[in-house]
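All values derive from a computational prediction rather than experimental measurement.
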Amino acid sequence: MSLRSKSAVPASCRLSAIFLVALAAAGGASAATLSVGPGKTYAAPCAAFARAQSGDLIQIDGGKTYSGDVCAIGASNLTIRGVNGRPKIDAAGKNAQGKGTWVIQGNNITVENVEMAGAAVPDRNGAALRIEGTNFTLRSSYLHDNENGILTGANDNSSIVIENTEFGSNGRGDGYSHNVYIGHVGSLTFRYNYSHDANGGHNLKSRASVNTINYNRFSSSTGKPSYEIDLPNAGTSYVIGNVIHQPAGHNNPGLLAYGNEGASNPGQDLYVVNNTFLNDDSVRGTFVLVGGSVTKPVLLQNNIFGGFGAATNQSNAIDRTNFRSLVPGFINRLLFDLHPIANVLVINAGSVPGVSAAGVSLTPVAQYKHTASGETRAAASARDIGAYAALGSGSTPAPSAWTTCAAENATCGFSGTREVRYGAGNTWVVKVFTNNVQCSNAVFGDPIEGTVKTCSYSATTSSAPTPAPTTPVTWTACAAENGTCSFTGTRDVRYGVPGAYATKAFTTRTACTNAVFGDPIEGTVKSCSYSSQAR
């Protein structure tokens with residue numbers, strides 16, 4: 001009977017059963033965990049990478065430096081994670097394939113909780129992480145003192161996600177290497193990061209078709225960065241809820257650059273919403289520098305523009321409920337506690353951001369928290385201007401009373417030291433003065449061109465120090481491109497065209513060339529001019 005029962009099962013069914021059993025066995029197999037560190041299966045990460053299979057987890061023991069451990073990573077679908085502290089990967093003079101420390105060739109790789117330093121190669125373009133595969137995620141890491149922190153190749157199908165990570169002092173000093181350099185990829189998501197003190201290059205450079213840059217801090221104290229954010233080929237870009245700070249010493253007076261190497265990406269829509277911009281350069285700066293080939297108006301909405309400079313060079317930009325002031329009021333500016341103090345022009349003074357053309361919400365839902373972290377921003381604070389909600393936001397602050405004191409070009413008189421605002425409608429520049437001030441563009445700059453402005457002073461006296469008066473800077477043309485610019489003393493010299501200048505200091509003379517300044521705008525005839533103020 002049993003023999004007959006077995007023979008009654010068709011051969012095709014028996015083969016199908018064997019296939020299903022084999023498939024179930026394969027599906028039930030779990031990915032391996034490869035352990036790295038002293039006394040572990042693998043002494044150093046690259047030995048584990050060489051044995052890894054798709055789906056594996058590589059755990060690298062922290063509290064140790066792995067020196068000279070450089071290699072390519074070929075397997076896909078890996079998670080590489082520092083455990084028991086953060087391991088340090090020091091290139092120590094070595095490189096993989098002439099490209100950097102770890103060359104990521106596999107797809108869908110995630111790296112978490114590592115420190116990487118020392119990447120350098122003969123062509124001066126080495127990277128701690130050189131990304132050649134499709135899709136990559138970096139979390140909770142610290143990349144510093146490399147020629148590039150991250151450098152990716154071109155891959156329109158690739159998505160790059162970088163979050164909760166610190167980048168510091170990367171760059172060779174030549175302007176061609178950066179804290180973060182993202183090539184022509186499909187998308188970049190960059191959030192809750194701290195990128196600072198890039199050495200001659202940008203704190204973030206991305207050629208991605210779509211950029212989502214939210215809730216980060218870009219700032220520097222000891223380094224001399226170029227742009228804080230550079231999006232050279234435009235693209236659909238969301239810049240929301242960031243602190244974007246330019247130090248007094250820098251290599252380019254623009255803070256956020258968009259499309260300055262040609263708007264070759266499919267989209268030309270830039271949304272700059274609820275950021276806090278700070279410029280420590282007292283004589284030059286453009287907060288949002290837009291390339292001439294960008295034809296679509298950029299949106300500037302609910303931003304704080306603090307310090308000297310134009311909000312943007314784009315004449316048709318949409319300028320909506322932004323706040324401009326040489327000295328915006330924060331809880332503690334020196335310690336970067338940038339929650340705004342009570343100010344009716346900032347708190348509940350913004351407009352509803354709405355959505356982008358693609359239907360993406362522009363309303364900030366978080367804010368940066370130091371170091372390389374974030375926190376929720378209350379929905380009730382959505383109309384507070386800047387990257388941070390006011391402390392206790394959600395309640396309406398007592399409105400500050402303003403007394404109109406002068407028409408444009410007249411003198412505004414009052415008693416004591418007070419805030420004085422100059423502008424019209426919802427667009428004002430606010431400065432602090434004692435007793436009186438001339439109500440003019442020469443004193444305040446022009447917050448809203450083509451509109452008749454007025455001055456008014458605040459009802460309460462201010463304890464803030466009166467800023468030292470500044471003399472407007474003028475520029476004297478001194479040379480065409482490839483000529484020699486001559487002057488007396490030591491002065492700032494700018495090279496380029498209106499809206500796109502590289503500025504450096506020289507004594508007596510300088511050659512007016514790309515070799516000296518770098519090329520601030522490719523394919524355009526440039527010139528030099530020197531500052532009216534000696535250094």
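- The closest donor-acceptor contact from the side chain of Asn322 to the backbone of Asn302 lies under 3.5 Å.
- Distance alone, capped at 3.5 Å, is enough to place a donor-acceptor pair between the Asn113 side chain and the Gly85 backbone.
- For the salt bridge (Lys or Arg N to Asp or Glu O under 4.0 Å) test, residues two or more places apart in sequence or in another chain that qualify with Glu163 are Arg139, Arg191.
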Next on the checklist: Please determine whether side-chain contact (heavy atoms from CB on, under 4.5 Å) holds for the pair Leu204 and Leu188, giving the CA-CA distance in whole Å, both sets of side-chain angles, and the decisive distance to 0.1 Å.
Outcome noted: CA-CA 11 Å; Leu204 170 62; Leu188 167 68; 4.2 Å; yes

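- Residues passing the side chain to side chain contact (heavy atoms under 4.5 Å, CB included) test with Asn203, sequence neighbours excluded: Asn179, Ser195, Ala198, Phe218, Ser220, Pro225, Glu228.
- In this structure, the separation between CG on Leu362 and CG on Asn214 is 9.5 Å, given to the nearest 0.5 Å.
- Under the salt bridge (Lys or Arg N to Asp or Glu O under 4.0 Å) criterion, the residue pairs touching residues 250-265 are Lys205-Glu261, Arg207-Glu261, with sequence neighbours excluded.
- Remark: the Asn148 side chain and the Ser177 side chain contain no N/O donor-acceptor pair separated by less than 3.5 Å.
- Considering every non-hydrogen atom in both Pro353 and Gln301, the closest pair reads CA-NE2, 3.5 Å.
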Checklist entry - When you look at Asn514 and Glu481, which way does the side-chain contact (heavy atoms from CB on, under 4.5 Å) test go after all the steps? => result CA-CA 8 Å; Asn514 290 342; Glu481 185 171 353; 4.1 Å; yes

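- In this structure, the side chain of Lys453 engages the main chain of Thr451 through a donor-acceptor pair within 3.5 Å.
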Next on the checklist: I'd like to know whether Ile150 forms a side-chain contact (heavy atoms from CB on, under 4.5 Å) with Phe167, so could you lay out the CA-CA distance, the side-chain angles of the two residues, the decisive distance to 0.1 Å, and finally the verdict.
Outcome noted: CA-CA 9 Å; Ile150 289 182; Phe167 300 89; 4.2 Å; yes

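- Side-chain atoms of Asn146 come within 3.5 Å of backbone N or O of Met116 as a donor-acceptor pair.
- Cysteines Cys512 and Cys478 have SG atoms no closer than 2.5 angstrom.
- A donor-acceptor pair under 3.5 Å is formed between the side chain of Gln367 and the backbone N or O of Ala389.
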Next on the checklist: side-chain contact (heavy atoms from CB on, under 4.5 Å), that's the test. Do Leu299 and Val272 meet it? Break it down for me.
Outcome noted: CA-CA 6 Å; Leu299 172 66; Val272 183; over 6 Å; no

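- Among the candidates Tyr238, Phe190, Tyr192, Tyr388, the single residue satisfying the ring pair (Phe, Tyr, Trp, His ring centres under 6.0 Å) test with Tyr215 is Tyr192.
- Nearest heavy atoms, Asp384 versus Ala390: OD2-N, 3.1 Å.
- Listed by chain and residue number, Tyr530 satisfy the ring pair (Phe, Tyr, Trp, His ring centres under 6.0 Å) test with Phe487 (two or more places apart in sequence, or in another chain).
- When the side chain to side chain contact (heavy atoms under 4.5 Å, CB included) test is applied to Ala96, the partners found at least two apart in sequence or on another chain are Val70, Val103.
- Residues Leu151 and Ala127 approach most closely at CB-CB, 3.8 Å, considering heavy atoms.
- With sequence neighbours left out, the ring pair (Phe, Tyr, Trp, His ring centres under 6.0 Å) criterion links Phe136 to no other residue.
- Distance alone, capped at 3.5 Å, is enough to place a donor-acceptor pair between the Thr312 side chain and the Val288 backbone.
- Remark: Arg509 engages no residue in a salt bridge (Lys or Arg N to Asp or Glu O under 4.0 Å) (not counting sequence neighbours).
- In summary, the side chains of Ser206 and Asn211 do present a donor paired with an acceptor at a separation below 3.5 Å, with no hydrogens or angles considered.
- Pairing each heavy atom of Ser187 with each of Ser159, the nearest pair is OG-OG, 3.2 Å.
- Atom OG1 of Thr101 and atom CG of Asp90 lie 8.0 Å apart (nearest 0.5 Å).
- Here the closest heavy-atom approach between residue Gly306 and residue Pro328 is recorded as CA-CG, 3.6 Å.
- Legend: residues meeting ring pair (Phe, Tyr, Trp, His ring centres under 6.0 Å) with His144, ordered by chain and number and at least two apart, are Tyr142.
- In this structure, the side chain of Gln314 engages the main chain of Val298 through a donor-acceptor pair within 3.5 Å.
- Checking side-chain atoms of Asn242 against main-chain N and O of Asn275 turns up no donor-acceptor pair under 3.5 Å.
- When atom types are taken as modelled, the side chain of Asn265 and the backbone of Gly267 share no donor-acceptor pair closer than 3.5 angstrom.
- Every residue two or more places apart in sequence or in another chain was checked for a side chain to side chain contact (heavy atoms under 4.5 Å, CB included) with Asn199, and none qualifies.
- For the pair Gly235 and Tyr258, the tightest heavy-atom approach, listed with the atom from each and the gap, is O-OH, 2.6 Å.
- For Ala372, the side chain to side chain contact (heavy atoms under 4.5 Å, CB included) criterion is met by Tyr194, not counting sequence neighbours.
- A distance of 9.5 Å separates OG1 of Thr189 from CD1 of Ile160, quoted to the nearest 0.5 Å.
- Note: Leu289 CG to Asn260 CG = 4.5 Å, rounded to the nearest 0.5 Å.
- Using modelled atom types, one side-chain atom of Thr152 and one backbone atom of Gly183 make a donor-acceptor pair closer than 3.5 Å.
- A salt bridge (Lys or Arg N to Asp or Glu O under 4.0 Å) check over residues 120-131, counting only residues at least two apart or in different chains, returns the pairs Arg124-Asp174.
- Side-chain N/O atoms of Ser141 and Thr165 include no donor and acceptor closer than 3.5 Å.
- Residues satisfying the salt bridge (Lys or Arg N to Asp or Glu O under 4.0 Å) criterion with Arg377, sequence neighbours excluded, are absent altogether.
- Within a 6.0 Å radius of OH in Tyr176, no more than 12 heavy atoms belonging to other residues, nucleotides or ligands are found.
- Summarising the geometry, atom OG1 belonging to Thr510 is positioned 14.5 Å from atom CZ belonging to Arg491; distances are rounded to the nearest 0.5 Å.
- The only option from Phe287, Phe330, Phe336, Tyr368 that meets the ring pair (Phe, Tyr, Trp, His ring centres under 6.0 Å) definition with His245 turns out to be Phe336.
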